[in-house]
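Accompanying notes for the structure given below.
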Amino acid sequence: DVKVTQSSRYLVKRTGEKVFLECVQDMDHENMFWYRQDPGLGLRLIYFSYDVKMKEKGDIPEGYSVSREKKERFSLILESASTNQTSMYLCASSLLDGRLEQYFGPGTRLTVT
Amino acid sequence: ILNVEQSPQSLHVQEGDSTNFTCSFPSSNFYALHWYRWETAKSPEALFVMTLNGDEKKKGRISATLNTKEGYSYLYIKGSQPEDSATYLCAFAAGNMLTFGGGTRLMVKP
C-alpha cells in the first residue's frame with residue numbers, strides 16, 4: 001500500500017512564526033502536492049513538484065514556499081504565519097502519468113493565533 | 001484557474017435511498033476525471049479515475065459515468081448506507097495537476 005505521512009496531525013502556531021510542514025511518501029512517486037482545504041472551497045493546490053528540486057506554483061502559492069531535496073520528502077514552509085493560513089493542509093503524491101491518481105496523507109490541521 | 005463545479009453542495013438522504021451527484025468541468029484539453037471519497041478524520045481515497053468519453057466505472061454500489069464532450073460526470077450511489085456518509089470530490093486532470101471541485105457532502109440517516 002502507498003503510504004503518505006505528514007509530520008503532525010494538529011499544530012498551533014503564533015502569527016509571524018516560521019512553520020514547516022513535512023510530507024513523506026514511500027512509493028517512489030515522482031509527483032508530490034500540497035493542498036489546503038477550507039469549508040466550501042474544496043481542495044486548492046498550493047504547490048507541486050514533479051522531481052527533486054523542481055517546483056511549480058499552484059493556484060494559491062502566496063505566503064508559502066516549498067522544498068524538495070529528496071524524492072520522498074516534500075516540505076511546505078510558511079515563512080511568516082498569518083491567521084488566514086489557519087486551515088487543513090493535505091499532502092499527496094502520484095506517479096508521473098496522465099492519470100495523476102493522488103494518494104493523500106492524513107492532513108495537518110494548522111491553527112495560527 | 002480551471003472551473004470545476006459540483007452539485008449539490010450537500011445532501012441528506014435516508015438509508016436505502018439511491019442518489020447521484022454532478023461534476024462539471026472544462027470540455028477542452030481533457031486528460032482525466034477523478035472521483036474521491038473523503039470520510040471524516042480520514043484521508044481522501046480515490047474511487048475512480050476516468051479517461052475515456054463514455055466511460056462507466058463501478059465499485060460495489062457506487063458507479064460513475066463520464067461525458068467529456070459536454071464536460072460532466074455523474075456519481076451514483078445505489079441503496080445508500082450510513083457508511084457512505086462522506087464528502088465526494090471530483091477533480092479534473094490537466095497537465096501535471098488536478099483541479100478539485102468544492103465537493104458534495106453526503107449524509108445518510110439510518
Side-chain angles (χ1 to χ4, degrees), chain A residues 1-6 9-10 23-25 27 29-51 54-62 66 68 74 87-109, chain B residues 1-11 21-26 29-53 55 57 59 64 66 68 75 86-106:
Chain A
D1 279 353
V2 178
K3 195 164 183 185
V4 180
T5 57
Q6 295 182 227
R9 291 299 300 269
Y10 300 95
C23 176
V24 178
Q25 51 95 4
M27 283 303 291
H29 283 172
E30 295 87 358
N31 289 335
M32 295 189 75
F33 306 83
W34 274 107
Y35 298 93
R36 64 178 280 176
Q37 192 266 339
D38 300 291
L41 294 177
L43 290 175
R44 292 182 292 167
L45 182 65
I46 304 171
Y47 268 97
F48 70 98
S49 168
Y50 54 88
D51 201 353
M54 304 303 289
K55 61 185 179 185
E56 295 281 347
K57 292 180 180 178
D59 296 324
I60 50 165
E62 296 80 18
V66 290
R68 193 162 180 204
F74 192 36
S87 188
M88 170 70 86
Y89 290 87
L90 282 159
C91 173
S93 70
S94 79
L95 289 169
L96 190 66
D97 63 11
R99 287 166 51 89
L100 293 178
E101 182 174 343
Q102 311 264 292
Y103 294 83
F104 285 90
T108 296
R109 184 162 293 282
Chain B
I1 297 178
L2 298 172
N3 198 26
V4 179
E5 294 188 351
Q6 291 186 247
S7 62
Q9 265 195 328
S10 65
L11 198 54
F21 329 131
T22 305
C23 174
S24 63
F25 53 86
N29 298 320
F30 178 85
Y31 283 84
L33 193 283
H34 298 207
W35 282 100
Y36 291 84
R37 176 167 58 200
W38 193 1
E39 296 177 69
T40 303
K42 294 186 179 180
S43 309
E45 289 186 342
L47 285 171
F48 306 114
V49 177
M50 308 172 79
T51 56
L52 297 174
N53 185 41
D55 243 356
K57 301 263 186 185
K59 187 181 285 190
L66 179 67
T68 61
L75 187 79
T87 296
Y88 291 84
L89 297 166
C90 72
F92 176 79
N96 202 21
M97 51 188 273
L98 294 183
T99 299
F100 283 83
T104 293
R105 187 168 178 221
L106 174 67

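Numbers restart at 1 for each chain; the letters A, B, ... are given by sequence-line order, proteins then strands.
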Next item on the list: Measure the spacing between CH2 of B:Trp38 and CG of A:Leu90 and express it to the nearest 0.5 Å.
Entry: 4.5 Å
Note to self: Does B:Arg105 have more than 12 heavy atoms from other residues, nucleotides or ligands lying within 6.0 Å of its CZ?
What the structure shows: no
Note to self: Return the CG to CD distance between B:Leu89 and A:Gln37, rounded to the nearest 0.5 Å.
What the structure shows: 8.0 Å
Next item on the list: Take atom CD of B:Glu39 as the centre, draw a 6.0 Å sphere, and report whether it contains more than 12 heavy atoms from other residues, nucleotides or ligands.
Entry: yes
Next item on the list: Kindly compute the distance separating NE2 (B:His34) from CG (A:Leu100), expressed to the nearest 0.5 Å.
Entry: 5.5 Å
Notebook entry, point to check: Looking at A:Phe33, A:Phe48, A:Tyr35, which hits side-chain contact (heavy atoms from CB on, under 4.5 Å) with B:Leu98?
Noted result: A:Tyr35
Check: Between A:Gly105 and B:Ser43, which heavy-atom pair has the shortest distance, and what is it?
Finding: O-OG, 2.9 Å
Checklist line | Proximal component of A:Arg9, with respect to chain B [non-hydrogen, under 4.5 Å] | finding: side chain
Next item on the list: Measure distances from A:Glu56 to the heavy atoms of chain B and classify the residue's part below 4.5 Å as side chain, backbone, both or neither.
Entry: neither
Checklist line | Contact origin within B:Ala91 toward chain A - heavy atom pairs under 4.5 Å | finding: neither
